[in-house]
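Note sheet for the following structure.
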Amino acid sequence: MAEVKLFKKNATYKDKEGKEKTAVNFYVQCGNVFVPIEVKYFEDKETGKDLRYRERRVCMSAFAEEFPEKASIN
């Protein structure tokens with residue numbers, strides 16, 4: 001049976017205004033394959049917001065390990 005692990009990797013990007021921001025990308029490792037995953041945003045029909053989105057991202061980040069360096073992936 002293959003082990004499945006959750007990883008996170010910080011990435012920087014520039015927003016529409018040109019300001020540099022940091023994002024956290026998540027990956028699931030299945031065997032030797034890293035599959036990118038996304039935390040889903042569930043927009044409330046009345047408010048247009050997802051009040052638990054941040055909670056889900058923080059929870060994922062808390063349980064994820066740092067993404068391994070390229071040399072240690074193989």
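These values consider heavy atoms only, across backbone and side chains, with no hydrogens, waters or symmetry-generated copies.
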request  = Flag the pair Phe34 / Tyr27 as yes when their ring centroid distance falls below 6.0 Å, and as no otherwise.
outcome  =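 No.
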
inquiry  = For Glu38 and Lys40: C-alpha separation, side-chain torsions, deciding distance, then whether side-chain contact (heavy atoms from CB on, under 4.5 Å) applies.
reply    = CA-CA 6 Å; Glu38 181 179 351; Lys40 178 75 173 137; over 6 Å; no

task = For the pair Phe67 and Phe7, name the ring-plane relationship: parallel under 30°, tilted 30 to 60°, perpendicular over 60°.
result =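 If you compare the ring of Phe67 with that of Phe7, the planes turn out perpendicular.
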
Hey, does [Y] have a side-chain heavy atom less than 4.5 Å from the side chain of [X]?
X     : Y     : result
Phe63 : Lys8  : no
Ile37 : Leu6  : yes
Lys9  : Val24 : no
Asp50 : Glu43 : no

task = Return the set of residues passing salt bridge (charged side-chain N to carboxylate O under 4.0 Å, His left out) with Lys21 (not counting sequence neighbours), or none when no residue passes.
result =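 Once residues adjacent in sequence are excluded, the partners of Lys21 under the salt bridge (charged side-chain N to carboxylate O under 4.0 Å, His left out) criterion are Asp15.
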
Interatomic spacing from [atom1] in [X] to [atom2] in [Y] - rounded to 0.5 Å:
X     : Y     : atom1 : atom2 : value
Cys30 : Lys5  : SG    : NZ    : 12.0 Å
Thr22 : Glu20 : OG1   : CD    : 6.5 Å
Arg57 : Phe26 : CZ    : CZ    : 5.0 Å

request  = Please check if atom OH in Tyr13 has more than 12 non-hydrogen atoms from other residues, nucleotides or ligands closer than 6.0 Å.
outcome  = yes

request  = State which residues pass side-chain hydrogen bond (donor to acceptor under 3.5 Å, both in side chains) with Asn10; sequence neighbours excluded, sorted by chain then number.
outcome  =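 Listed in chain order: nothing, the list is empty.
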
message = Please identify which of these residues, Arg54, Glu55, Arg56, Met60, meets the side-chain contact (heavy atoms from CB on, under 4.5 Å) condition with Val58.
response =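 Between Val58 and the candidates, side-chain contact (heavy atoms from CB on, under 4.5 Å) is satisfied uniquely by Arg54.
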
